[in-house]
Amino acid sequence: MKIEGKSVFGGIAMGRLSIYKKNDSVVRRMKVADTAAEIERYEEASRKAKAQLAALYDKALKEVGETSAAIFEVHQMMLDDDDYQESITNMIQTQEVNAEYAVAVTGDNFSQMFAAMDDDYMKERAADVKDISNRVISVLQGASDAGFSSSEPVILVAEDLAPSETVQLDKSLLLSFVTRYGSTNSHTAILARTMNIPALIGVDYSEDIDGHYGIVDGFEGALYVDPDEETMEKYRKKQEEEQEKARLLQELKGMPNVTKDGREIKLYANIGGVGDVPSVLQNDAAGIGLFRSEFLYLESDTFPTEEDQFNAYRSVAQTMAGKKVIIRTLDIGADKQVDYFNLAQEENPAMGYRAIRICLEQPDIFKTQLRALYRASYFGNIAIMFPMIISVDEVKRIKEIVEEVKKELDGQGLAYGDVELGVMIETPAAVWMTEELAKEVDFFSIGTNDLTQYTLAIDRQNPRLDAFYDAHHPAVLRAIQMTVENGHKGGAWVGICGELGADTELTETFLRMGVDELSVSPSRILAVRAAIRACDLSK
Ligand code: PEP
Ligand code: MG
């Protein structure tokens with residue numbers, strides 16, 4: 001069976017299909033006859049949930065540090081709480097209800113009780129008790145913790161995947177993403193590019209393909225379920241050809257990013273976390289042009305501390321050993337939601353309370369991140385950039401806060417390095433203000449994903465609009481041109497870190513515009529290098 005879809009990243013994947021199960025299934029009240037057996041079911045689920053939390057603790061300890069990991073220990077203790085356990089078992093026994101229902105009601109009751117307490121620490125526990133209850137419920141319902149369970153790499157099939165879900169996935173078990181919804185610029189698509197695995201969106205699949213064998217053709221945009229031997233053979237060959245092409249690109253490692261007529265451009269990589277650094281080095285990027293720091297927040301159940309962040313930034317800076325590492329401050333909101341920020345539901349979250357707006361309104365969160373960034377800057381070549389800028393005033397305010405942070409560090413005798421400051425140009429307002437903004441900062445980095453969304457008034461998350469979406473729209477290209485010209489006039493260098501930077505059909509255009517740097521997914525570095533080296537700007 002062949003199901004058509006839209007490719008968001010090329011490549012061929014062959015393997016088992018595994019349907020991603022969301023953890024938010026509905027809980028129904030049901031009558032049970034054998035309450036003792038139901039209590040036993042609950043106890044078994046609680047034990048499993050604890051084992052999952054212990055594993056999460058170990059994972060978090062390695063990836064984000066002790067302070068962030070600690071929450072998983074607290075969760076394990078909460079599961080063991082006598083009052084909590086008694087409430088559940090008592091309800092099963094006296095009301096003869098199913099364990100899922102008893103856990104859900106107890107979770108709600110306890111959460112309301114905590115929320116009403118006059119103590120900030122206890123108030124925060126309201127979300128935790130909900131969280132552990134949901135975990136036990138999903139174990140009872142047979143959903144696996146990671147959203148899919150497999151010991152072999154699979155093609156992951158999902159309705160859609162939120163960034164908070166993708167960060168939890170075991171990346172070593174993913175061959176490809178296939179989703180029903182999602183769009184070309186969604187973060188699932190960006191993740192697929194970072195991981196260098198094919199991805200399809202808009203695939204109208206039925207649940208019964210779970211566990212069947214599949215082939216993803218990320219070039220033609222097709223998913224084959226239970227392919228016949230002829231199709232299998234065709235794709236085995238195609239996969240070999242792809243591997244050969246990749247091998248040829250490997251020969252470009254160590255080569256300069258220079259056109260035939262001698263124009264050189266910097267080629268950096270985009271990353272989402274410490275775990276992406278090895279692929280930056282393997283693909284021979286000269287630096288990191290965009291570290292999406294919000295993924296540290298997405299991976300955590302509570303605000304990452306200064307120490308957690310410092311460790312992550314320092315580790316990246318040290319591993320990059322003096323090469324430039326541009327870290328973008330928190331860009332939370334819109335499609336990147338984090339529960340503990342308690343952001344209100346908004347009609348238009350992409351144009352809502354997000355990114356730098358949160359940081360300027362909640363300077364404590366911002367300062368914690370800036371302190372961690374400046375402290376880490378002592379250990380490498382860190383630059384900082386700020387997302388979603390719309391005015392010069394915002395930049396002035398940011399610079400004041402940066403000065404406050406530096407003063408604090410001076411007062412504490414904490415060392416930091418020379419840090420270049422830049423802004424993302426990803427709103428039309430910023431483009432129009434580039435002349436003034438260039439005088440305030442060292443560099444611009446053009447976020448074409450959002451810039452295209454706002455310039456064309458096309459929601460980047462809405463697949464319904466793909467037909468109207470023109471990545472090469474002249475309005476976007478003119479905005480880039482204007483940004484480069486005004487940036488240079490004001491003494492700022494200019495890069496592109498949105499997905500368009502990796503579009504090799506535009507490499508020559510960008511070079512002719514005078515773009516100084518391109519930052520692309522690690523997996524695209526060598527292909528873009530090949531495109532640069534094929535250009536001759538003298539013609
Ligand atoms: C962009 O908007 O182009 C960008 C690089 O940021 P993000 O995709 O994380 O919004
Ligand atoms: Mg953006």
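Ligands are counted one by one from 1 in listed order, and the atoms in each one are counted from 1 as well.
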I need the atoms of ligand 1 closer than 4.0 Å to a non-hydrogen atom of [X], numbered in the order shown.
| X | result |
| --- | --- |
| Lys336 | 9 (O) |
| Leu290 | 5 (C) |
| Arg460 | 2 (O), 7 (P), 8 (O), 10 (O) |
| Cys497 | 5 (C) |
| Gly498 | 3 (O), 5 (C) |
| Met424 | 4 (C), 5 (C) |

* **Given Val405, Asp364, Leu330, the one that forms side chain to side chain contact (heavy atoms under 4.5 Å, CB included) with Gln369** =>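 The single option meeting the side chain to side chain contact (heavy atoms under 4.5 Å, CB included) with Gln369 is Leu330.
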* Asked: Can you list the protein N, O or S atoms less than 2.8 Å from the Mg ion (ligand 2)?
  ->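 Per the 2.8 Å query on the Mg ion (ligand 2), atoms found are Glu426 OE1, Asp450 OD2.
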* So is there a nitrogen or oxygen of Glu426 less than 3.5 Å from a nitrogen or oxygen in ligand 1? ->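 Such a contact does occur with ligand 1.
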* So is Arg292 polar-close to ligand 1, meaning N/O to N/O under 3.5 Å? ->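 Arg292 vs ligand 1: N/O contact under 3.5 Å present.
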* With a 4.0 Å cut-off, would you call Arg292 and Asp276 a salt bridge? ->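 Result for this pair is no, no salt bridge flagged.
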* Pair Arg512 + Glu508, salt bridge at N-O below 4.0 Å ->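 Salt bridge flag = yes for Glu508 with Arg512.
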* Backbone N/O of Gly218 and side chain of Ser7: donor-acceptor pair under 3.5 Å ->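 Flag set: sc Ser7 to bb Gly218 pair under 3.5 Å.
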* To do: State whether the side chain of Arg524 and the backbone N or O of Ala502 hold a donor-acceptor pair below 3.5 Å, judged by distance alone.
  =>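 Present.
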More than 12 heavy atoms of other residues, nucleotides or ligands under 6.0 Å from [atom1] of [X]: is that the case?
| X | atom1 | value |
| --- | --- | --- |
| Phe468 | CZ | no |
| Glu505 | CD | no |
| Met255 | CE | yes |

Does ligand 1 have an atom under 4.0 Å from some heavy atom of [X]?
| X | result |
| --- | --- |
| Met388 | no |
| Glu499 | no |
| Gln453 | no |

* Asked: Going through the checks in order, is the side-chain contact (heavy atoms from CB on, under 4.5 Å) test met by Val484 and His488?
  -> CA-CA 6 Å; Val484 177; His488 287 172; 3.6 Å; yes
* Selected option - heavy-atom contact closest to atom 4 (C) of ligand 1, from Ile425, Asp331, Asn449, Asn270 ->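 Closest candidate by heavy-atom distance is Asn449.
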* Asked: What about the rings of Tyr416 and Tyr374, do their centers lie closer together than 6.0 Å?
  ->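 Yes; Tyr374 has its ring centre under 6.0 Å from that of Tyr416.
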* For ligand 1, is any non-hydrogen atom under 4.0 Å from Ile446's backbone (N, CA, C, O), its side chain (CB onward), both, or neither? ->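 The answer is neither; Ile446 stays 4.0 Å or more away.
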* Can a cation-pi geometry be assigned to Arg371 and Phe310, taking NZ or CZ under 6.0 Å from the six-membered ring centre and within 45° of the ring axis? ->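 Because its charged atom misses either the 6.0 Å distance or the 45° angle limit, Arg371 does not stack over Phe310.
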* Does Thr179 have any side-chain hydrogen bond (donor to acceptor under 3.5 Å, both in side chains) partners at least two apart in sequence or in another chain, and if so, which? ->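 Listed in chain order: nothing, the list is empty.
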